[in-house]
Amino acid sequence: MSAPRTRIADVASLAGVAVSTASRVLAGRGDVSSATRLRILAAADRLQYRRGDERRGRPRTGTVRLIDLVLGQFDEPWSVAVIGGARAAAVEAGFDLVVTSERDTPEDDWPTRIQNRGSAGVVLALIAPTTAQFDALERAGIPVVLMDPRTDLRRSVPAVGATDRAGGAAAATHLLAAGARRLFIISGEPRYRFGRARIAGFIEAAAKHDPTLTVTEISAPWESGPVREAVREHLRAAAAGGEPIGVFACSDEIAYGVYAAAADCALRIPDDVQVVGFDDIAPSKWLRPPLTTVRQPTGEMAAEAVRLIAAAAAGIHPLPERTELQTELVVRRSTRIAGSPPPAGAYGPDVLLE
């Protein structure tokens, strides 16, 4: 005989609430405190309660034509590019885009807000959802696509990213071609998945070029101010050693801190220190000198994530587990090549000279 199915009354009993309260929370409705909501969701997860097989894996034809984009920040260039790309793709697919704020607290109820709107799906940009948040969206049958996830997830969720490892390798190849021999990587803390991939690609390419090269990794938060403090004395000591210095910053924001540290040490870019960043956010081309960087197609990544949600809403399953868009090295004046500009294809096909 098959085991008896878990009833909503069982969930309510375990959570210590009324059946009506449990029903409202599991349906994504009702004004319930965060603590109560979390208790009910935890009880449902423990009992493996599901609202019905008809809620899972079916085309969401009855949903409002909304797609949610969940972000933690809105006031910096990366987010602006994400919102622009996502909005354009949503309009093209016949959806409206709702930009939802993630609050950095464990009891944040953004999944419930999304359920209440009846969204067709959700794109999570640089967001690391909790197990409970994932489960809440799954119970409601809401498709999820991750954009540039910070961690490698244990569950299978469609994700869109960039060729981070290849981008790191392109940065190393370029710095070495520019004559750098004292190499630094400025990595971001926390050590996100994409940062680790960029570092691995850089180290692998440098070792392939010359196994005797020393690559020094310096860790600092993903902000220019702390990077400036962390890097300053390393640059001063390296300059005293006389070897040509090349710095790979794992983001453009980190590269800004390297610029400031070089100025503190009276070192000129690119004459004394050559710098390559990663992202190619808009301010990078306005630096003095403009920053050589690895461009990731941020807007197109967001657009692709929205297209996947639109496909899921149309009943297309399964979605690809991992989609990677091509990075591109953009050569500006924070690096230099002795003599004339390099011939086309000198660093491979994914290089743009500006």
**Item:** Considering all heavy atoms, the nearest G167-V294 contact
**Value:**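 Result for this residue pair: O-CG2, 3.4 Å.
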
Donor-acceptor check, side chain of R193 to backbone of R150, threshold 3.5 angstrom: yes or no?
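The answer is no, because no donor-acceptor pair under 3.5 Å joins these two groups.
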
- Has R191 got more than 12 heavy atoms of other residues, nucleotides or ligands less than 6.0 Å from its CZ?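 Yes, because the 6.0 Å sphere around CZ of R191 holds more than 12 heavy atoms from other groups.
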
### Message
Does atom CD (E92) have a neighbourhood of more than 12 heavy atoms from anything else shown, all under 6.0 Å?
### Response
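Atom CD in E92 is not packed in, count stays at 12 or less.
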
With a 4.0 Å cut-off on N to O distance, would you call [X] and [Y] a salt bridge?
X    : Y    : result
E300 : R307 : yes
D68  : R117 : yes
K285 : D280 : no

| task | List the steps, then state whether side chain to side chain donor-acceptor pair (under 3.5 Å) holds for E217 with S187. | result | CA-CA 7 Å; E217 183 179 340; S187 61; 3.0 Å; yes

Would you please name every residue forming a side chain to side chain donor-acceptor pair (under 3.5 Å) with S284, sequence neighbours left out?
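In terms of side chain to side chain donor-acceptor pair (under 3.5 Å), with neighbours along the sequence ignored, S284 is linked to D252, Y256.
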
Practice item. Mind jotting down which residue pairs meet the side-chain hydrogen bond (donor to acceptor under 3.5 Å, both in side chains) criterion with at least one end in residues 231-246? Sequence neighbours excluded, please. Key: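 Matches after skipping sequence neighbours: E229-R232, R232-D264, E233-R236.
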
Please round to the nearest 0.5 Å and tell me the distance separating atom [atom1] of [X] and atom [atom2] of [Y].
X    : Y    : atom1 : atom2 : value
I269 : R336 : CD1   : CZ    : 12.0 Å
L146 : T151 : CG    : OG1   : 8.5 Å
I281 : R295 : CD1   : CZ    : 12.5 Å

- Task: Would you kindly check if the NZ (Lys) or CZ (Arg) of R182 is within the cone defined by 45 degrees around the ring axis of F184 and under 6.0 Å from the six-membered ring centre?
- Result: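 Ring-cation test returns yes.
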
- Take F95 and V306 through the side-chain contact (heavy atoms from CB on, under 4.5 Å) test and state the conclusion after the steps. CA-CA 10 Å; F95 288 83; V306 167; over 6 Å; no

